[in-house]
Visitor: 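So that we are looking at the same thing, I have put the structure below in structure tokens.
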Amino acid sequence: MDDVTAILDQMNPAQREAVSAPQGNMLVLAGAGSGKTRVLVHRIAWLMQAEGLSPYAVLAVTFTNKAAREMRTRLEALLGISLRHVWVGTFHSIAHRLLRTHWQDARLPQHFQIIDSDDQLRLIKRLLKDYNIDDERYPPRQVQSFISGCKEEGLRPHQVDAHGDAYLSQMVELYERYQLTCERGGLVDFGELLLRSLELLRDNPALLAHYQERFGHVLVDEFQDTNTLQYAWLKLLTGMRTPMTVVGDDDQSIYGWRGARIENIRRFENEFPDTKLVRLEQNYRSTSVILDAANALIRYNADRMGKELWTAGDHGEQISVYGGFNDLDEARYIVDTIRERVAEGFNRREIAILYRSNAQSRVIEETLIRQGVPYRIYGGQRFYERLEIKNALAYLRLLLNRDDDASLERVINVPARGIGTRTVETLRNRARQTGESLWQSLHDATSDGSLRGRAVTSLKAFADLIEQLDNEAAGLSLHEIIDRVNERTGLVEHHRNEKGEKGQARVENLEELVTAAKAFTQGEAFEGVEAGEGMAALEAFLAEAALNAGDHEADEFEDCVQLMTLHSAKGLEFPVVFMAGVEEGLFPHKMSMEEPGRLEEERRLCYVGMTRAMKKLYLTHAELRRLHGKETFQRPSRFLREIPENFMEEVRLRGQISRPVTTSRPSPGLQQNGVEGGADLPSLSLGQRVSHPIFGEGVILNAEGEGERARVQVSFEGEGDKWLVLGFAKLTPL
DNA sequence: TTTCCCGGCCTTTTT
DNA sequence: GGCCGGGAAA
């Protein structure tokens, strides 16, 4: 039993209390950087070693695959044994597992497919067309979020009360039709995975009893991010008798807009019997300046569970605040400072630039490129979400299931093979009348003469292609199937003929898909699936692609500055953090400023951003910003006022750049065209690239004055910033 | 049927 | 500034 105490080694009293608490419900309020994952992992180890809990009896639930993977890896490292059979996974992967195992009880076809939100949206768009519904009044995205919202609340169409409201009734009807389409195609969306698995347990008492019996302890990470459905699912699965350890932080709840219920954390404490509350407040990440500033900011939120981060470490540097006169200047300050810090010895990968919205990254990227600073953008488009990949996957799905209308429609004319919208429309109408799938109506329509000419030939060729591929697939391994699909469908050829480098990249992605498939069958890519040969592996591979779409951390090891949104920064840490665009309307975002609840979420987002920083935090804003192609005057964010001044220092403009007249008065000339140079002078605008005979190429940062005497400030590569008089300097716009 | 151009739109994102 | 969708032209 001596290794039992080893589990508690090097832990602070609160951590130790959480890890070694006797079995029972426990809520761990874990502040940022308080060693949350460590506590969770050690808790599981403790339960197994000190309480004698069988590895089979553990269920650990996370939100992302990454978190699940990390938990498993760390647990294996701690215990020194393989834990492949332990149930550690995301809500969705666990729900998926239940549905695959009990597909009959769940009233699903054996080979049901998972669709992502993109597929879902396409399906909805088609539905609206099919039923001739005005997509101005019912925008597809709104319909989608209505349907997802219902599922997240655990509601089926008949359970939604429209109060006789025409708009809502229509929505409910769309939900119902959408659901029918999914059922017919054997399609399950993300919300459906959870809702269906909840219903599976709810409607099969024996099954429920089995799992309630099986799991001896359930652990949940990021509990503040659970939605109503996930909460209900946990409640059902544990019967509120199986003890739970849930870990969360109400101050880091930033996903309310996608259904997360911050109040679940309070509800848990009240509803689940004898819940023990443990607070982890000691922070191992940041300096006390950063923590005190973050604590002060978050105090402006009402109704918190209450928590104050502290550190035994250093006071640290003040938070630097820089107000640029425009977004270019802000970017330049950030990049200049990064270069200084790198020269001092920081690695680039230790530095992160965080922003509220993706659009902000462009200007920063351009500046980084100009100054030759390598960077990497986090997030962005995922591999399995790329157009060419989704097309290939759609063909693969058709191999498994011809009745998958969404996939069929996606690729029936990709690459173009003469099956236009009119032809597809005919098929759709027919399918709607007969209640059959598109695949079936394709066959009917080509044989009974209701379509003629070229359409029939093309449709037959398409059907033959699919059948042939299916036949050939029988003897092939997974990656061979995919390779053949890429070639035989003409997808590779199609992209090879595309002009520009885009096509080349797409061809490479298709090849990468083959490589990924090879890796998938070779390694045990994920638990519970015996990756067999060919078609059997294909099904597993497709599920993996849908559930684990985000796995693309390729050049992680290159030394790059890290760029990402504040949302994607959650859970990460960096020695040096820049938060850019700390301005009213941008952060807090104007869409979230009206409602107090949403404003508080913005504040939590700011809190999350600040607490990413270990040693040094920079907050920057700009007075004038180009947003959606328009110049806007911006005011510093209220969050800057909410952080006590004594933690911050204002950065002085270096080099005494005089503040240009043009930024302090709204000049229509500047806003539309920049500097009007007069008849024979070039017309220039802020941010424009220009070339100078001596200084070379640069970018216009600033401008003042008019006509011949107008001056512009240009940032030249290698030469620094210079003020030039337009009448003399020979500037050529690029 | 396909391609190209124009106008309107614009927060955050995982599964 | 860039993306998407719709409509018109080829």
Side-chain angles (χ1 to χ4, degrees), chain A residues 61-68 89-96 114-121 125 129 135-136 139-141 145 148 151-152 188-195 197 222 225-227 229-230 253-260 327 354-363 365-366 378-382 384-385 387 413-424 454-455 458 498-499 543-551 564-571 581 585-593 598 601-602 604-606 608-609 625-631 685 687:
Chain A
V61 195
T62 64
F63 275 85
T64 65
N65 292 299
K66 197 177 158 202
T90 63
F91 278 103
H92 290 88
S93 73
I94 287 162
H96 177 228
I114 302 167
I115 58 170
D116 65 20
S117 9
D118 185 57
D119 301 325
Q120 187 184 34
L121 187 65
K125 281 180 185 166
K129 275 225 177 73
D135 59 2
E136 303 255 301
R141 290 201 178 274
S145 77
S148 305
K151 290 191 177 182
E152 274 156 18
V188 172
D189 62 41
F190 289 134
E192 188 71 20
L193 280 173
L194 292 170
L195 182 49
S197 80
E222 305 278 19
D225 289 339
T226 52
N227 61 33
L229 181 55
Q230 286 156 340
S253 160
I254 55 174
Y255 286 116
W257 50 274
R258 64 174 199 212
D327 45 356
L354 312 181
Y355 36 81
R356 176 66 238 266
S357 67
N358 287 305
Q360 284 171 259
S361 76
R362 212 196 84 255
V363 175
E365 280 183 76
E366 283 168 3
Y378 238 72
Q381 225 202 0
R382 277 152 229 291
Y384 287 104
E385 283 168 9
L387 173 117
N413 199 31
V414 177
R417 47 173 75 91
I419 305 173
T421 40
R422 288 272 299 280
T423 309
V424 176
R454 237 186 336 204
S458 312
E498 234 173 2
K499 48 182 184 258
E544 163 83 0
L547 282 175
N548 215 346
D551 244 14
M564 67 194 80
T565 62
L566 286 151
H567 281 92
S568 15
K570 189 173 155 215
L586 192 59
F587 191 32
H589 198 275
K590 61 175 181 301
M591 308 285 238
S592 307
M593 280 175 19
R598 301 186 63 184
E601 185 157 302
E602 294 281 309
R604 290 194 291 269
L605 189 56
C606 187
V608 167
R625 180 177 296 277
R626 232 192 151 96
L627 266 177
H628 319 308
K630 261 210 191 107
E631 307 252 56
S685 55

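When reading the values below, keep in mind they use all heavy atoms of this one structure, side chains included, and skip hydrogens, waters and symmetry mates. So that the names make sense, note that chain A is the first sequence line, chain B the second, and so on, each numbered from 1.
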Visitor: Taking CG from A/L193 and P from B/dT15, how many angstroms apart are they, rounded to a whole number?
Guide: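 After rounding, the reported distance stands at 13 Å.
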Visitor: So does A/E602 pair up with A/R598, basic N to acidic O under 4.0 Å?
Guide: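 A salt bridge is absent here (no side-chain N lies under 4.0 Å from a carboxylate O).
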Visitor: What is the distance from CZ of A/R417 to P of B/dT2, rounded to the nearest Å?
Guide: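 Distance, rounded to whole Å: 11 Å.
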Visitor: Roughly how many Å is it from CG in A/D116 to P in B/dT15, rounded to a whole number?
Guide: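 Going from CG in A/D116 over to P in B/dT15 covers 12 Å.
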Visitor: B/dT13, B/dT15, B/dT11: which one has an atom nearest the side-chain heavy atoms of A/S117?
Guide: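 Comparing B/dT13, B/dT15, B/dT11 against the side chain of A/S117, the answer is B/dT15.
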Visitor: Choosing from B/dT13, B/dT11, B/dT15, which nucleotide comes nearest the side chain of A/M591?
Guide: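 Closest nucleotide to the A/M591 side chain: B/dT11.
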Visitor: Could you tell me whether A/S568 contacts a base, only the sugar-phosphate backbone, or nothing, with contacts defined as non-hydrogen atoms closer than 4.0 Å?
Guide: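 Sugar-phosphate, no base atom in range.
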Visitor: May I ask you to say whether A/K570 pairs ionically with A/D225, meaning some side-chain N is under 4.0 Å from a carboxylate O?
Guide: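 Between A/D225 and A/K570 there is a salt bridge, with a charged N closer than 4.0 Å to a carboxylate O.
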Visitor: For A/I419 and for A/H567, find the nucleotide of DNA chain B with the closest heavy atom, then tell me which residue's nucleotide is more 5'.
Guide: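 Its nearest nucleotide being more 5', the pick is A/I419.
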Visitor: Can you measure from CD (A/E365) to CD (A/Q360) and round to the nearest 0.5 angstrom?
Guide: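 CD of A/Q360 is found 12.0 Å from CD of A/E365.
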Visitor: Could you state the atom-to-atom distance from NE2 of A/H589 to P of B/dT11 in whole Å?
Guide: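 The answer, rounded to whole Å, is 5 Å.
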Visitor: Let me know the distance between CD of A/E385 and P of B/dT13, rounded to the nearest Å.
Guide: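 Answer to the nearest Å: 11 Å.
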Visitor: With a cut-off of less than 4.0 Å, is there a side-chain N or O of A/S148 near OP1 or OP2 of B/dT15?
Guide: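 Result: no.
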Visitor: For the atom pair OH (A/Y355) and OG1 (A/T565), what is the distance rounded to the nearest 0.5 Å?
Guide: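 Answer rounded to 0.5 Å: 6.5 Å.
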Visitor: Return whichever of A/F91 or A/S592 has its heavy-atom-nearest nucleotide of DNA chain B closer to the 5' end.
Guide: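 The residue mapped nearer the 5' terminus is A/S592.
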Visitor: Once you apply a heavy-atom cut-off of 4.0 Å, does A/T423 come out as touching a base, just sugar-phosphate, or nothing?
Guide: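 The residue A/T423 makes sugar-phosphate contact but no base contact.
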Visitor: Is there a donor-acceptor pair under 3.5 Å between the side chain of A/R626 and the backbone N or O of A/E631?
Guide: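 No.
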Visitor: Within the structure shown, what part of the strands sits under 4.0 Å from A/E222 by heavy-atom distance: base, sugar-phosphate, or nothing?
Guide: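 The answer is nothing, as A/E222 stays clear of every strand by at least 4.0 Å.
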Visitor: Between A/Q230 (side chain) and A/N227 (backbone), is there a donor-acceptor pair under 3.5 Å?
Guide: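 Side chain of A/Q230 to backbone of A/N227, a donor-acceptor pair under 3.5 Å: yes, one is there.
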Visitor: Sequence neighbours left out, what passes ring pair (Phe, Tyr, Trp, His ring centres under 6.0 Å) with A/H589? Give chain and number order.
Guide: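 In terms of ring pair (Phe, Tyr, Trp, His ring centres under 6.0 Å), with neighbours along the sequence ignored, A/H589 is linked to no residue.
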Visitor: Please state the P separation for the pair C/dC4 and B/dT13 - nearest whole angstrom.
Guide: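 Rounded to whole Å, the distance is 16 Å.
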Visitor: When you measure from the side chain of A/T565, which nucleotide among B/dT12, B/dT11, B/dT15 comes out closest?
Guide: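 Selected nucleotide: B/dT12.
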Visitor: Would B/dT12 be called syn or anti here, given the cut-off of 90° from 0?
Guide: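 It is anti.
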Visitor: Given atom NZ of A/K151 and atom C1' of B/dT15, what is their separation to the nearest angstrom?
Guide: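 Spelled out: NZ on A/K151 to C1' on B/dT15 is 13 Å.
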Visitor: Indicate whether OP1 or OP2 belonging to B/dT11 is found under 4.0 Å from a side-chain N or O atom of A/N358.
Guide: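 No, because none of the side-chain N or O atoms of A/N358 sits under 4.0 Å from OP1 or OP2 of B/dT11.
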Visitor: Between A/K151 and A/E192, does any side-chain N to carboxylate O distance fall below 4.0 Å?
Guide: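 Salt bridge present between A/K151 and A/E192.
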Visitor: Write down the distance between CD1 (A/I114) and P (B/dT15), rounded to a whole number of angstrom.
Guide: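 Those two atoms, CD1 and P, are 13 Å apart.
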Visitor: What nucleic acid atoms does A/A416 come within less than 4.0 Å of, heavy atoms only: base, sugar-phosphate, or nothing?
Guide: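 Sugar-phosphate, backbone atoms only, no base.
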Visitor: Please report the distance, rounded to the nearest Å, between OH in A/Y255 and P in B/dT11.
Guide: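 Rounded to whole Å, this separation is 17 Å.
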Visitor: Report each atom pair, protein N/O against N/O of nucleotides 1-5 of chain C, whose distance is under 3.5 angstrom.
Guide:
unit_1	atom_1	unit_2	atom_2	d
C/dG1	O6	A/H628	O	2.8
C/dG5	OP1	A/K125	NZ	2.5

Visitor: Under the criteria of a ring-centre distance below 5.5 Å and an interplanar angle below 30°, is A/W257 stacked with the base of B/dT12?
Guide: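 Answer is yes, a stack.
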Visitor: Measuring from the side chain of A/N413 (C-beta onward, heavy atoms only), which nucleotide among B/dT13, B/dT11, B/dT2 has the closest atom?
Guide: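 Looking only at side-chain atoms, A/N413 lies closest to B/dT2.
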